[in-house]
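What you see is a predicted model, and the numbers here were worked out from it, not measured in a lab. Any value given below was found using the heavy atoms of this structure, including those in side chains, with hydrogens, waters and symmetry copies removed.
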Amino acid sequence: MKKIKLESSKSGSQLVLETLKSLGVDTIFGYPGGAMLPLYDAIHGFEGIQHILARHEQGAAHEAEGYAKSTGKVGVVVVTSGPGATNTVTGIADAFLDSVPLLVFTGQVARAGIGKDAFQEADTVGITAPITKYNYQIRDTADIPRVVTEAYYLARTGRPGPVEIDLPKDISVIEVDEINDPTLYLPNYHETEHADKNQLYKILQQLTESKKPLVIAGGGINYANAVTEFRAFIERYQLPVVSTLLGLGTLPATHDLQLGMGGMHGSYAANMALTEADFIINLGSRFDDRMVSNPARFAENAVVAHIDIDSAEIGKIVKTAIPVVSDLKEALTELIKFDKVLTDLTDWSEHLAAYKARAPFSYTASDEFIKPQEAVEWIGKYTDGDAIIVTDVGQHQMWAAQFYPYKNPRQLITSGGMGTMGFGIPAAIGAKLAHPEKNVILFVGDGGFQMTNQELALLNGYHIPIKVVLINNHSLGMVRQWQEAFYEERRSQSVFDVEPNFQLLAEAYGIKHVKLENPSTLSEDLKVINEDVPLLIEIGISRAEHVLPMVPAGAHNDEIIGVVFKEEENHA
């Protein structure tokens with residue numbers, strides 16, 4: 001391997017930081033410890049990269065996810081060996097399932113101690129292998145620039161994902177005066193797959209034969225930066241759209257072609273469209289079980305086309321007649337370049353419009369309890385649908401998905417595949433640090449809030465004015481809902497009989513706080529949402545509130561329960 005002479009000797013830690021800076025990294029989320037002391041000593045006084053001191057390694061990982069999900073940039077995490085590394089595993093796994101580009105540096109004991117059960121040693125490479133796109137253990141200080149450059153590239157190209165670098169302590173201390181050539185050389189790695197034009201033409205050919213076509217808008221549209229091309233394609237042919245959870249915002253909620261989120265807690269119109277379609281074009285979605293609960297019966301009358309950067313996703317869940325392995329932006333650009341084919345979707349569009357009008361997302365007003373759906377609606381109005389919305393996981397996540405009027409790409413930051421409770425607070429911090437000019441609002445339940453609320457210490461320390469909307473039903477709401485619906489109302493260990501005083505907790509962290517329990521003053525009370533200060537808004541709701549409608553696990557999309565048709569509803 002070619003060697004490059006340095007102007008002066010550099011330690012491994014200096015090489016890590018200088019390489020990251022040269023790659024454009026401006027923020028690191030981390031937590032120090034023994035194996036990473038040399039790197040943290042190098043961070044002291046290093047200019048050009050801001051280090052954010054998390055309060056737990058899981059928090060650091062989710063903070064980097066929030067940063068990465070909201071920007072498309074690589075989120076960088078630095079943690080120590082052993083428990084520091086294992087504490088990041090949940091965040092790494094979350095990023096892996098949601099295709100989030102992370103670069104995670106884990107400290108490791110010195111090379112002489114590896115494999116000898118040294119203090120705070122763990123086989124981090126072995127542990128993270130199933131949940132990373134790739135991982136490394138650096139064995140030569142001269143290799144640091146090459147490995148870091150390669151890992152950064154892998155994390156952000158192709159199907160994005162987390163990459164882990166295990167850094168032995170002695171490697172970070174040793175000084176070298178020459179390095180191995182960091183020029184990228186990955187002959188067997190395909191950064192992008194180029195669309196087969198014959199396959200793309202088959203999509204348009206099928207479109208001419210279809211009477212009921214439908215597009216599924218997945219998170220891959222965001223990852224490919226293909227929102228402009230996606231909107232141009234569906235508007236060119238007036239194709240109705242069903243969004244996945246991670247695809248919300250790629251098409252505005254108010255757009256005529258938007259049917260809403262599909263799947264388990266999706267809209268009636270979206271799920272009926274999935275059932276009745278004769279041609280489905282999947283753009284960057286992996287047909288996960290929340291969208292396709294019963295693969296054997298999914299879209300039984302539909303020809304399926306699937307465009308995805310990852311060939312492993314095509315045909316994995318749903319039989320695909322027209323597979324296209326491609327960068328989504330490139331594929332959509334090519335589809336638009338073709339001469340426009342003739343279609344007549346008037347009847348189909350009117351049919352779906354009637355579904356939308358008949359059964360929009362709705363709720364029944366209450367004089368006793370604040371309705372969480374109404375709170376989301378008011379926040380949507382006060383922010384003009386333009387805030388970055390972050391959620392934790394559970395009922396509040398689904399209400400935020402159903403009732404906030406999304407209109408921008410990368411606007412909803414949430415844990416999709418892993419469904420990680422505790423994701424919300426740190427992810428909102430990361431999103432706000434990436435977008436200081438934006439109003440960042442977090443919806444979180446009392447369960448998830450108690451998992452990572454130590455990260456609230458960062459709000460005043462780093463001047464991060466996020467708004468934390470705590471939907472408090474004194475329970476693990478979604479777990480309790482399933483127990484009530486499918487386990488004969490046996491609420492086993494899902495109700496919190498004792499909880500902390502969240503208002504006093506906010507006080508302890510020096511955060512402005514309000515507690516809302518009066519439904520009649522909700523609209524006025526929520527005007528604080530636009531204040532530019534760290535804020536906790538605790539909203540007490542009924543313990544009996546369910547997320548509806550719902551497609552039960554294993555049911556077909558048209559076997560949706562809890563639908564309230566417009567003529568039947570009592571919607572304030």
Testing Q483, R480, Q481 for side chain to side chain donor-acceptor pair (under 3.5 Å) with S494, which one passes? Q483

For the residue pair K21 and F46, would you count it as a cation-pi contact if the rule is NZ or CZ under 6.0 angstrom from the ring centre and within 45 degrees of the ring axis? yes

According to ring-ring contact (aromatic ring centres under 6.0 Å, His included), does anything in residues 110-141 pair up with another residue at least two apart or in another chain? List the pairs. Y134-Y136

Check side-chain contact (heavy atoms from CB on, under 4.5 Å) between A35 and all other residues, then give those that pass, not counting sequence neighbours. T80, S81

Any donor-acceptor N/O pair, K512 side chain to L535 backbone, under 3.5 Å: no

Of all pairs that satisfy side-chain hydrogen bond (donor to acceptor under 3.5 Å, both in side chains), the ones with a partner from residues 160-170, not counting sequence neighbours: T106-E164, T106-D166, Q108-D166, R111-D170, T128-E164, Q137-D166

Side chain E229, main chain T333, donor-acceptor under 3.5 Å: no

Are more than 12 heavy atoms from other residues, nucleotides or ligands located less than 6.0 Å from atom OH of Y487? no

Among I471, V444, T414, V547, which residue satisfies the side chain to side chain contact (heavy atoms under 4.5 Å, CB included) criterion with Q397? T414

CA sep, side-chain torsions, deciding dist, call: F443, H396, ring-ring contact (aromatic ring centres under 6.0 Å, His included): CA-CA 6 Å; F443 290 99; H396 66 276; 7.7 Å; no

Return yes if some donor-acceptor pair links the side-chain N/O of E150 with the main-chain N/O of R146 below 3.5 Å, else return no. no

From the options K133, K316, R286, R159, select the one residue that forms a salt bridge (Lys or Arg N to Asp or Glu O under 4.0 Å) with D310. R159

